[in-house]
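Since the structure comes first, as structure tokens, the remarks are kept for the end.
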There are 2 protein chains.
Amino acid sequence: MSVSIKDVARHAGVSVATVSRTLSNGPVSEETRRRVEDAVQATGYRPNLSARRLRSQHTQTIGLVVSDIRNPFFTAVSRAVEDAAYHAGMRVILCNTDENPDREELYLRLMQEERVTGLIFAPTRTTCEALDRFDLDFPVVLIDRAGPPGLHDAVVLDNAGASALLIDHLAAQGYRKIHGLFGNTSTTGAERHDGYTAAMHRHGLQPDAVFIAPQAAAAEAHIAALLTTPDRPEAVVVSNGQLLLGVTRALRAAGLSMPGDLAVAGFDNETWTELVGPGLTVIEQPVQEIGASAMTMLFERLERQDLPVRKIVLSGRCIIRGSTATRG
Amino acid sequence: MSVSIKDVARHAGVSVATVSRTLSNGPVSEETRRRVEDAVQATGYRPNLSARRLRSQHTQTIGLVVSDIRNPFFTAVSRAVEDAAYHAGMRVILCNTDENPDREELYLRLMQEERVTGLIFAPTRTTCEALDRFDLDFPVVLIDRAGPPGLHDAVVLDNAGASALLIDHLAAQGYRKIHGLFGNTSTTGAERHDGYTAAMHRHGLQPDAVFIAPQAAAAEAHIAALLTTPDRPEAVVVSNGQLLLGVTRALRAAGLSMPGDLAVAGFDNETWTELVGPGLTVIEQPVQEIGASAMTMLFERLERQDLPVRKIVLSGRCIIRGSTATRG
DNA sequence: ATGACGATTGAAAACGTTTACACAAAAATT
DNA sequence: AATTTTTGTGTAAACGTTTTCAATCGTCAT
């Protein structure tokens with residue numbers, strides 16, 4: 001079987017306590033420290049983290065529950081979270097919920113069983129509202145989607161503001177009929193929709209938006225249909241990368257071009273948005289910072305349970321590209 | 001503090017052993033089973049996985065060590081691995097090495113301390129060769145990059161074969177001067193290079209390849225320089241998605257088009273490859289299957305330690321798009 | 001009635017750590 | 001020199017489970 005701290009102790013001729021102390025930089029004489037370190041080398045000892053966690057009651061583990069790691073937004077956030085975690089000597093347990101409340105519940109329970117130190121969570125609307133039902137005994141930081149205010153720490157984008165940036169830009173470029181396409185499963189879509197509506201009104205324009213499933217295929221079908229209508233919009237704004245993908249595909253399939261046939265702008269500065277057609281005008285989310293802030297927020301909460309509930313709102317950056325060039 | 005099995009036992013008026021048996025579907029009377037289940041409900045008990053793992057000596061944990069989760073290839077593979085793992089009641093520990101051997105070593109040690117049940121690993125060339133130095137006491141399945149044959153189970157792409165598909169296609173389209181660009185950190189790049197060279201020879205063509213760091217910027221710089229040389233190649237083949245990205249950027253920056261100025265083909269069917277210019281001809285890797293196979297392979301190995309070492313070689317699919325249209 | 005047997009149960013010993021406590025020896029203070 | 005303090009160490013008790021072992025209680029065949 002695996003070599004334990006006892007074997008090291010025997011090999012070094014000291015007690016297990018001394019070995020433990022040596023490993024945790026406790027008070028030991030220079031002499032024994034060397035003896036123990038030699039013994040560790042000789043035996044190839046590796047501490048057993050399960051035992052350590054059990055005894056110390058510190059799991060040094062943080063949970064990360066997102067909808068789908070394949071979504072580039074969450075990929076980037078995860079990477080930031082993991083970097084911060086490993087840097088702080090913690091592990092990460094990652095779970096994909098696919099926006100399915102049942103799986104969210106399942107994984108929340110798992111987090112309890114793992115006795116995670118803290119949780120970073122991007123919940124669906126459903127679970128978000130019922131989050132206190134679970135009375136979790138570790139702090140939670142919500143990302144991307146915030147729940148009812150004042151209940152949990154959160155790091156989110158200024159969604160309404162970002163939408164406004166896009167509308168302002170489109171309006172300045174001379175577009176009037178701007179269609180909106182928003183995801184219907186998260187609070188994010190709703191907020192971006194609200195920002196869109198407000199900005200449209202501010203410019204004296206008539207909002208015209210729909211909510212659809214946040215998948216490329218849905219957007220593609222929707223846009224394909226839209227393009228055949230008598231008075232098609234001049235521009236379209238969409239609320240995430242998947243929808244943006246659908247729109248791009250629809251235009252391509254129809255052999256139409258941006259911005260001539262339809263101007264396009266949306267959320268998520270994915271790799272490809274700079275490469276397709278004249279380049280897509282998008283909101284770049286500070287993905288790395290979202291992950292990092294969530295972690296520091298979590299750590300601060302762990303240090304001081306009594307901190308007031310905070311919500312960090314980060315701004316998106318509008319990257320202007322050819323897909324919204326002046327209507328000509 | 002957290003509620004333990006003792007509390008449940010007290011609440012149900014039975015011994016802890018009985019509670020444990022109830023939870024693991026052991027032999028208990030219908031009567032006590034109900035009593036225990038009620039007690040679990042009432043107390044809100046959740047088993048402590050650290051304790052369970054320590055006592056049972058089964059961590060139900062698999063390690064997944066890849067270079068960077070942000071690489072879409074690994075994102076997809078990870079998702080497949082995680083699905084399989086959670087389906088089998090196991091959790092996953094994910095680590096990003098950034099192709100850095102020091103971090104690989106660090107994480108391999110971590111895996112030992114976690115006492116993982118098994119490991120799925122995409123190693124750099126360096127670590128790959130020195131893998132037995134670590135004498136890990138759990139089975140390892142290599143993915144993407146195979147080590148020296150016969151030492152570890154592995155799931156890889158038929159890299160040489162896939163390269164050949166690309167060259168055959170380009171040759172058939174009339175291209176003669178086909179430049180090759182390959183990543184220099186993994187065995188994958190080397191294998192794809194070998195396939196390229198062999199295929200070129202088979203067609204009576206002169207190979208002309210270089211190895212570079214597998215980052216977009218490197219490829220972009222290289223291609224930018226290449227484009228100014230007196231006799232520039234007619235086509236270029238590159239060994240992964242990052243390089244493909246660099247090539248695309250370089251052409252775009254120079255205002256050149258595919259395939260007119262340069263035909264392009266490469267590995268990894270990332271989202272954007274269908275959308276840029278006339279579409280990029282690429283090798284699609286069976287990403288989902290790579291992850292899934294790795295897991296079943298690992299499970300089979302766990303059941304039978306004495307199984308012969310196996311290497312699953314999957315074929316890539318060549319997706320032909322406009323970037324390699326007939327030279328004309 | 002007797003013994004054997006199956007079904008349930010509890011007591012207690014692990015699993016590999018950390019840590020409270022006690023204690024000796026050495027060093028520092030009076 | 002007598003005391004206090006510091007320093008280093010070992011013993012043993014946790015942490016929350018699972019699992020071995022033995023014990024109890026019916027039931028059933030003899």
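A/Arg21 places its CZ atom 11 Å from the P atom of C/dA20, with the value rounded to the nearest Å. At whole-Å resolution of the value, CZ in A/Arg115 and P in D/dC15 are 13 Å apart. In this structure, the CZ atom of A/Arg35 is 12 Å from the C1' atom of D/dG8, given to the nearest Å. Whole-Å rounding puts the A/Lys6 NZ to D/dA12 P distance at 13 Å. Rounding to whole angstrom units, CD1 of residue B/Ile5 and C1' of C/dG10 are separated by 13 Å. For B/His58 and D/dT17, the NE2 to C1' distance is 14 Å, given to the nearest whole Å. Summarising the geometry, the separation between CD on B/Glu31 and C1' on C/dA7 is reported as 15 Å, rounded to the nearest angstrom. One atom, CZ of A/Arg53, and another, C1' of D/dG16, lie 15 Å apart when rounded to the nearest Å.
Look at A/Arg55 and you won't find any side-chain N or O under 4.0 angstrom from OP1 or OP2 of D/dA14. When the side-chain nitrogen and oxygen atoms of A/Ser15 are compared with OP1 and OP2 of D/dT11, none of them lie within a distance under 4.0 Å. Contact annotation: B/Ser20 reaches the phosphate of D/dT18 (side-chain N/O to OP1 or OP2, under 4.0 Å). The side chain of B/Thr18 places no N or O atom within less than 4.0 Å of a non-bridging phosphate oxygen (OP1 or OP2) of C/dT9.
Distance CZ/B/Arg115 to CZ/B/Phe138: 10.0 Å, rounded to 0.5 Å.
You'll find that the side chain of A/Gln57 is closest to D/dG16, out of C/dG10, D/dT18, D/dG16. The side chain of A/Val28 lies closest to D/dT9, out of D/dT9, C/dT9, C/dA12. Nearest nucleotide to the A/Thr32 side chain, out of C/dT9, C/dT17, D/dT9: D/dT9.
Looking at heavy-atom distances under 4.0 Å, A/Ser29 makes contact with sugar-phosphate atoms alone, never a base. Counting any heavy atom pair closer than 4.0 Å across all strands shown, A/Arg46 reaches sugar-phosphate atoms only and no base atom.
Residues A/Thr296 and A/Ser293 bring no donor and acceptor atom of their side chains to less than 3.5 Å of each other.
Within a 6.0 Å sphere centred on CD of B/Glu113, other residues, nucleotides and ligands contribute more than 12 heavy atoms.
Applying salt bridge (charged side-chain N to carboxylate O under 4.0 Å, His left out) to A/Arg145 and the options A/Glu191, A/Glu104, A/Glu99 leaves one that passes, A/Glu99.
For the pair A/Val16 and A/Pro27, both in contact range of DNA chain D, the more 5′-proximal nearest nucleotide belongs to A/Pro27.
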